[in-house]
4 protein chains.
Amino acid sequence: MARGINKVILVGNCGQDPETRYMPSGGAVTNISIATSESWKDKQTGQPQERTEWHRVVFFNRLAEIAGEYLRKGSQVYVEGSLRTRKWQDQSGQDRYTTEIVASEMQMLGGRTEAAMQGRSQPSQDSGPDYGGGYAQQSSAPAPSQNYNQQKPAPSTPQQPQTPSNFDSFDDDIPF
Amino acid sequence: MARGINKVILVGNCGQDPETRYMPSGGAVTNISIATSESWKDKQTGQPQERTEWHRVVFFNRLAEIAGEYLRKGSQVYVEGSLRTRKWQDQSGQDRYTTEIVASEMQMLGGRTEAAMQGRSQPSQDSGPDYGGGYAQQSSAPAPSQNYNQQKPAPSTPQQPQTPSNFDSFDDDIPF
Amino acid sequence: MARGINKVILVGNCGQDPETRYMPSGGAVTNISIATSESWKDKQTGQPQERTEWHRVVFFNRLAEIAGEYLRKGSQVYVEGSLRTRKWQDQSGQDRYTTEIVASEMQMLGGRTEAAMQGRSQPSQDSGPDYGGGYAQQSSAPAPSQNYNQQKPAPSTPQQPQTPSNFDSFDDDIPF
Amino acid sequence: MARGINKVILVGNCGQDPETRYMPSGGAVTNISIATSESWKDKQTGQPQERTEWHRVVFFNRLAEIAGEYLRKGSQVYVEGSLRTRKWQDQSGQDRYTTEIVASEMQMLGGRTEAAMQGRSQPSQDSGPDYGGGYAQQSSAPAPSQNYNQQKPAPSTPQQPQTPSNFDSFDDDIPF
DNA sequence: TTTT
DNA sequence: TTTT
């Protein structure tokens with residue numbers, strides 16, 4: 001159930017190969033960064049301007065497996081999901097916040113040729129033999145907490161996703 | 001022009017009255033925080049769970065004036081916009097990031113009664129006599145960067161309303 | 001699975017009370033018409049113009065029960081779904097087509113006051129005692145085809161509320 | 001201005017080359033049909049099922065020119081727009097209705113390789129030398145009525161199309 | 001870090 | 001009529 005609508009729709013390109021990890025439960029978690037960009041001419045100078053926006057996207061479970069297997073650096077992808085801002089502590093113990101899109105639907109874009117030319121080297125894993133397309137949808141259950149990879153329990157809010165213990169290592173994963 | 005789609009759709013309630021400032025150019029900038037929430041039952045314990053997500057939304061120019069005048073704490077609102085992550089430096093000079101929704105469209109929800117009961121005290125400003133509705137759409141020009149006038153951007157959460165501890169108290173903050 | 005994205009998002013008001021029927025399987029099917037409108041000034045004459053668009057929305061199963069119970073003429077509602085064009089034959093045997101939005105998510109808008117003032121007389125049915133909110137989401141199973149039980153699908157408009165001739169009269173139909 | 005939200009988002013493939021015509025005003029109007037499809041397994045029989053949905057999309061003015069020039073049969077495309085149901089009379093004078101998506105934004109998907117392999121034979125027209133991408137956005141003015149039905153462009157006049165004269169000829173254009 |  |  002929900003009160004309110006929290007919906008994000010992205011079409012963009014993966015900045016790098018997806019990273020897949022596993023939660024203690026065994027469920028997969030895949031992270032990607034998607035770029036969208038916008039260009040315009042400066043009104044004063046007439047100079048062409050461009051701004052690229054990077055979006056952190058996280059997939060869970062089955063969707064994480066599919067994303068991990070089929071997406072690659074440069075892949076064009078449609079993602080639908082919701083915004084989630086996670087709180088974590090940096091080395092100095094200060095609260096910091098990261099906003100991500102928790103994906104509920106994903107679809108690869110660009111047909112066969114495109115996919116064929118992407119040359120998938122070393123797929124992260126197998127999602128099973130029966131999946132043959134570039135589409136996947138998350139079950140509508142609430143996204144699981146993202147406490148894979150963690151050494152100690154999260155200190156703060158109970159029902160929220162656990163703050164990954166060692167956010168330094170997580171932090172190192174953030175390319176910006 | 002753009003490459004990619006970067007779209008956010010929110011329906012939620014304002015956590016507080018909007019804050020309107022002005023850029024050197026004279027253009028208005030209005031910030032609000034919108035809450036969306038989700039509730040479910042824990043699969044193990046069966047306990048009801050709730051998570052409220054707070055979204056920082058920024059309006060520019062005409063849309064900022066309308067938002068500043070018509071929205072109030074508790075207002076239910078539809079917002080469409082795009083994600084933008086801004087980089088700023090905290091006191092210690094460290095890079096930090098804040099993700100906001102730059103609104104391109106806004107519409108007040110909940111009809112006349114609702115609006116009437118919201119008792120708009122001290123409207124921030126006038127948007128002119130001919131505006132009579134709860135709808136507004138931004139011109140499609142790229143949003144200006146938002147470093148007008150201010151010393152340090154605040155991080156996402158500190159200046160936001162606190163996440164309510166339970167739903168009853170949250171309800172009390174909202175006039176319906 | 002899907003190839004492609006087929007998504008509709010509507011926020012509007014119900015033109016009349018919902019109609020709920022039952023499929024042979026026992027599953028509920030609810031139909032509503034939602035109005036959205038747009039107004040502008042004619043560029044030549046400067047005259048105010050308005051266009052109201054009516055959307056046929058169909059809900060299935062659990063969502064149909066909730067829509068049937070909670071929505072009423074005038075209710076403001078958020079609907080998300082997908083487009084489906086159904087083919088049928090008119091009396092003369094000619095093929096005709098009707099486009100509907102098959103809802104996958106629904107949320108009532110306008111808070112308690114709003115809902116309270118809508119005075120729900122004769123709810124179509126009961127959806128059970130434990131539902132207390134204005135939100136519902138369809139399971140992701142493909143919607144069943146809607147030719148249960150009935151002889152001839154009606155064309156799109158005849159059974160819809162008439163488009164109001166002007167905005168004042170339209171207002172009178174809606175309880176706010 | 002608007003009351004309500006009327007939004008459609010499609011990602012799909014063009015069923016055939018776009019058709020571009022010109023309104024008396026000189027503004028272009030382009031029609032395409034976009035397919036989206038969904039597949040699933042029948043719950044009883046376990047048989048794989050597929051349903052393809054066809055969406056009529058109409059572009060106006062600049063967007064129509066771009067769509068006409070860059071899209072081709074098979075092109076994968078993102079379209080955002082709004083639903084509009086038009087009323088028209090068939091040969092026997094009966095009222096009939098057609099629902100279309102009036103596009104406000106369009107973006108070609110699938111990158112260079114993809115586009116290159118689509119081998120654009122006979123582009124419908126020129127949209128000018130400075131357009132080099134697969135993206136376009138409509139001005140936010142209300143969609144004009146659709147009375148193309150003229151063979152000759154009247155190149156000079158302002159971009160707002162006139163009100164339609166009749167729809168009989170339009171009838172002939174509908175491929176279903 | 002992607003893409004055009 | 002597309003696409004997988």
Salt bridge (charged side-chain N to carboxylate O under 4.0 Å, His left out), that's the test. Do Glu80(D) and Lys7(B) meet it? Break it down for me. CA-CA 11 Å; Glu80(D) 187 177 330; Lys7(B) 182 168 293 294; 3.1 Å; yes
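- In this entry the distance linking CD of Glu53(A) with P of dT4(E) reads 19 Å, nearest Å.
- A straight line from CG of Leu71(D) to P of dT3(F) spans 14 Å, rounded to a whole angstrom.
- Looking at Ser33(A), its side chain has no donor and acceptor atom pair within 3.5 Å of the base of dT2(E).
- Rounded to whole angstrom, the span from the CZ atom of Arg51(D) across to the P atom of dT3(F) amounts to 20 Å.
- Regarding Gln49(A), its CD atom lies at a distance of 21 Å from the P atom of dT4(E), rounded to whole Å.
- Across all strands, Thr36(A) comes closer than 4.0 Å to no nucleic acid atom at all (heavy-atom distances).
- Picking from dT1(E), dT4(E), dT2(E) the nucleotide with the shortest atom distance to the side chain of Gln16(A) gives dT1(E).
- Within the 3.5 Å criterion, the main-chain N or O of Val58(D) finds no donor-acceptor partner in the side chain of Asn31(D).
- With 3.5 Å as the limit, one finds a donor-acceptor pair spanning the side chains of Thr98(C) and Trp88(C).
- We find that NZ of Lys87(C) is positioned 14 Å from C1' of dT1(F), with the value rounded to whole Å.
- For the residue pair His55(D)/Ser33(D), the side-chain donor-acceptor check at 3.5 Å is not satisfied.
- Relative to the side chain of Arg3(B), the nucleotides dT4(F), dT2(E), dT3(E) differ in distance, and dT3(E) lies closest.
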For the pair Glu38(A) and Arg51(A), evaluate salt bridge (charged side-chain N to carboxylate O under 4.0 Å, His left out) and give the outcome as yes or no after the intermediate values. CA-CA 5 Å; Glu38(A) 209 177 357; Arg51(A) 178 180 167 83; over 6 Å; no
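- The interatomic distance linking Gln107(A) (CD) with dT4(F) (P) rounds to 12 Å, in whole Å.
- Spacing between atom CG of Asn13(A) and atom C1' of dT3(E) amounts to 4 Å, rounded to whole angstrom units.
- Across the protein-nucleic acid pair, His55(D) atom NE2 and dT2(F) atom P stand 15 Å apart, rounded to whole Å.
- Listed candidates were dT3(F), dT1(F), dT2(E). Nearest to the side chain of Ser37(D) is dT3(F).
- Between Trp54(A) and dT1(E), a base-stacking contact is recorded: ring centres under 5.5 Å apart, planes less than 30° from parallel.
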